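Being a predicted model, the structure only gives us computed values, none of them experimental. In this chain, numbering begins with 1 at the start of the sequence shown.
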Amino acid sequence: MGVIMKSSLFALLLAAAPLAAQQPQDPPFHLPPEVEMTADLVYAKGGGRDLRLDLFRPKSGKGPFPAVVYIHGGGWRGGNKNAFRRQAAHMATIGFAGVCIEYRLSGEAKFPAALHDSKAAVRWVRANAAKYGIDPDRIGAAGGSAGGHLVAMLGTTAHIKELEGDGGNPGHSSRVRAVAAFNPAVDLAGFGKAGSGNATNAVSQFLGMPYGDNPSLWERATPTTHIGNNSAPTLFLHGTGDATVPYAQSVEMAKRLKAAGVHAEIFTAEGAAHGFFNRPPWYEPTLQRMDEFFVKMLR
């Protein structure tokens with residue numbers, strides 16, 4: 001996202017990543033002068049290769065700072081860790097650390113690889129908290145679309161050992177204390193039951209098989225399956241005009257979280273399409289709402 005490419009390559013990317021926010025970002029990224037960025041830190045090994053993250057921290061302040069881990073979208077098959085760097089850098093201006101991660105896409109490895117990588121990133125932040133001035137007890141996560149799915153899984157599966165993976169720092173927890181999910185794909189089984197469409201195809205590639213071959217796998221990869229009273233408080237940010245991931249998915253998951261006694265709230269963007277949060281006029285309002293949420297939950 002946010003990179004100008006030759007038209008033929010751009011067209012291929014659009015076809016490959018229907019769940020990504022594909023329109024230009026607003027505003028363009030500039031590193032604030034009061035923020036320090038450390039790029040390409042290796043946080044784990046995945047499939048034999050290094051997995052990297054970018055860390056944004058305040059240049060001043062005592063710390064330790066609460067942290068938010070950001071996970072990009074792209075249909076689990078595209079996108080990169082630059083997608084949320086504006087939001088991560090902004091968080092550093094208000095006294096947080098922001099962490100933007102890469103993870104293995106579906107063309108490289110199937111579910112639960114991307115979730116394993118996401119959990120490994122949280123464990124790395126916790127294991128390295130003292131080194132980077134982070135509070136290990138105040139870690140949240142934010143993501144959009146496919147990344148929204150992954151942060152929702154982080155928020156609901158910390159108690160499931162078999163979903164941890166072997167990405168390093170096994171003595172540390174992958175639990176997050178709060179989750180913000182933009183237009184999240186949280187009902188993968190629902191896509192499978194629908195049986196067609198770009199989103200269903202993306203999920204099939206992510207899971208490595210169509211719904212009919214293994215419905216229980218699609219259920220296992222669905223965040224709502226794992227909701228319990230230990231799930232993380234969650235802010236959903238979703239547009240009612242989203243033709244890729246229906247707004248009703250956020251409404252339903254929020255309803256189920258509340259029924260389990262978990263805090264849940266929704267920022268409703270009337271008429272907004274998929275990926276709305278990176279485009280005018282929604283960037284500033286969503287940023288403000290996320291600030292309020294993470295300050296309340298983590299500070």
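Note on Val68 and Phe236: separate hydrophobic clusters, where clusters join Ile, Leu, Val, Met, Phe, Trp and Tyr whose side-chain heavy atoms are under 4.5 Å apart, directly or indirectly. Note on Leu237 and Phe294: same hydrophobic cluster, where clusters join Ile, Leu, Val, Met, Phe, Trp and Tyr whose side-chain heavy atoms are under 4.5 Å apart, directly or indirectly. Residues Met290 and Ile266 do not share a hydrophobic cluster, defined by chaining ILVMFWY side chains whose heavy atoms lie under 4.5 Å apart. Note: the hydrophobic cluster containing Leu257 does not contain Ile160 (ILVMFWY, side chain heavy atoms under 4.5 Å, direct or indirect links). Linking Ile, Leu, Val, Met, Phe, Trp and Tyr whenever their side-chain heavy atoms come within less than 4.5 Å puts Phe84 and Phe293 in one cluster.
Across Pro223 and Met253, no two heavy atoms sit closer than the pair CB-CE, 3.9 Å. Residues His72 and Gly78 share a closest heavy-atom pair of CE1-O, 3.2 Å. Among all heavy-atom pairs drawn from Ser118 and Ile71, the shortest one is OG-CD1, 3.6 Å. Minimum interatomic distance between Ala272 and Trp282 (heavy atoms only, all atoms of both residues): CB-NE1, 3.6 Å. Among all heavy-atom pairs drawn from Ala89 and Pro32, the shortest one is CB-CD, 3.8 Å. Heavy atoms only, all atoms of each residue included: Ala152 and Val186 are closest at CB-CG1, 3.8 Å.
A 4.5 Å side-chain heavy-atom check between Asn128 and Ile134 finds every atom pair outside the cut-off. Phe191 is listed as a side-chain neighbour of Val245, based on a closest heavy-atom distance under 4.5 Å. Side chains of Tyr43 and Asn169 form no contact here, defined as non-hydrogen atoms less than 4.5 Å apart. Between Val42 and Trp124, the closest side-chain pair of non-hydrogen atoms is not below 4.5 Å. Counting only heavy atoms from C-beta outward, the side chains of Met37 and Arg85 never approach each other to under 4.5 Å.
With values rounded to the nearest 0.5 angstrom, Leu115 atom CG is found 8.0 Å from Ser174 atom OG. Atom CG in Leu207 sits 7.0 Å away from atom CZ in Phe111 (nearest 0.5 Å). To the nearest 0.5 Å, atom CD of residue Gln87 and atom CZ of residue Phe29 are 10.5 Å apart. Put simply, CZ on Arg86 and CE on Met91 are 14.5 Å apart, with the number rounded to the nearest 0.5 Å. With values rounded to the nearest 0.5 angstrom, Asp187 atom CG is found 5.5 Å from Thr222 atom OG1. Atom CG of residue Leu287 and atom NE2 of residue His90 lie 4.0 Å apart, to the nearest 0.5 angstrom.
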- Message: Checking Thr157 against Lys119 for the side chain to side chain contact (heavy atoms under 4.5 Å, CB included) test, could you report, in this order, the C-alpha distance in whole Å, the side-chain angles of both residues, the deciding distance, and whether it holds?
- Response: CA-CA 10 Å; Thr157 64; Lys119 287 176 174 286; 3.1 Å; yes
- Message: Checking Thr268 against Tyr247 for the side-chain hydrogen bond (donor to acceptor under 3.5 Å, both in side chains) test, could you report, in this order, the C-alpha distance in whole Å, the side-chain angles of both residues, the deciding distance, and whether it holds?
- Response: CA-CA 9 Å; Thr268 299; Tyr247 172 75; 2.6 Å; yes
- Message: Set out, in order, the CA-CA distance, both residues' side-chain angles and the distance that settles side chain to side chain contact (heavy atoms under 4.5 Å, CB included) for Glu252 and Thr224, then state yes or no.
- Response: CA-CA 9 Å; Glu252 179 62 22; Thr224 53; 5.6 Å; no
- With side chain to side chain contact (heavy atoms under 4.5 Å, CB included) as the test, would you mind laying out the steps for Asp54 and Leu41 before giving the verdict? CA-CA 6 Å; Asp54 297 336; Leu41 292 166; over 6 Å; no
- List the steps and the verdict of side chain to side chain contact (heavy atoms under 4.5 Å, CB included) for Glu292 and Leu235. CA-CA 10 Å; Glu292 295 169 354; Leu235 166 66; over 6 Å; no
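Remark: the backbone N or O of Gly271 is paired with a side-chain donor or acceptor of Thr240 at under 3.5 angstrom. His226 places a side-chain N or O within donor-acceptor distance of the main-chain N or O of Arg220, the cut-off being under 3.5 Å. Using modelled atom types, one side-chain atom of Lys110 and one backbone atom of Gln205 make a donor-acceptor pair closer than 3.5 Å. Formation of a donor-acceptor pair under 3.5 Å by the Arg126 side chain with backbone atoms of Arg175 is found in this model. Within the 3.5 Å criterion, the main-chain N or O of Arg52 finds a donor-acceptor partner in the side chain of Glu102. A donor-acceptor pair is defined here as one N or O able to donate and one able to accept, closer than 3.5 Å; no such pair exists between the side chain of Tyr70 and the backbone of Ala83. For Arg123 (side chain) and Glu164 (main-chain N/O), a donor-acceptor pair under 3.5 Å exists by modelled atom type. Judged purely by atom type and a 3.5 angstrom limit, Thr234 uses its side chain to pair as donor or acceptor with the backbone of Ala232. Here the side chain of Arg138 pairs a donor or acceptor atom with the backbone of Leu298 at under 3.5 angstrom. Judged by distance alone, with hydrogens and angles left aside, the side-chain atoms of His238 form no donor-acceptor pair with the main-chain N or O of Val251 at under 3.5 Å.
Using modelled atom types, one finds no donor on one side chain facing an acceptor on the other under 3.5 Å when comparing His274 with Thr244.
Residues Glu36 and Arg57 are paired through a salt bridge, judged by an N-O separation under 4.0 Å between the basic side chain and the carboxylate. A salt bridge does not link Asp291 to Arg299: none of the charged side-chain nitrogens sits closer than 4.0 Å to a carboxylate oxygen.
Checking Val176, Leu53, Val125 one by one against Val69, the side chain to side chain contact (heavy atoms under 4.5 Å, CB included) holds for a single residue, Val125.
In summary, the aromatic rings of Phe206 and Trp76 are positioned with their centroids under 6.0 Å apart. Ring-centre distance between Tyr103 and His116: not below the 6.0 Å cut-off. The distance between the ring centers of Phe56 and Phe65 does not fall below 6.0 angstrom.
No more than 12 heavy atoms of other residues, nucleotides or ligands shown are found within 6.0 angstrom of NZ on Lys62. Applying the 6.0 Å contact sphere to NZ of Lys296 captures more than 12 heavy atoms from other residues, nucleotides or ligands.
Below 30°, between 30° and 60°, or above 60°: for Phe276 and Phe267 the angle between ring planes is below 30°, a parallel geometry.
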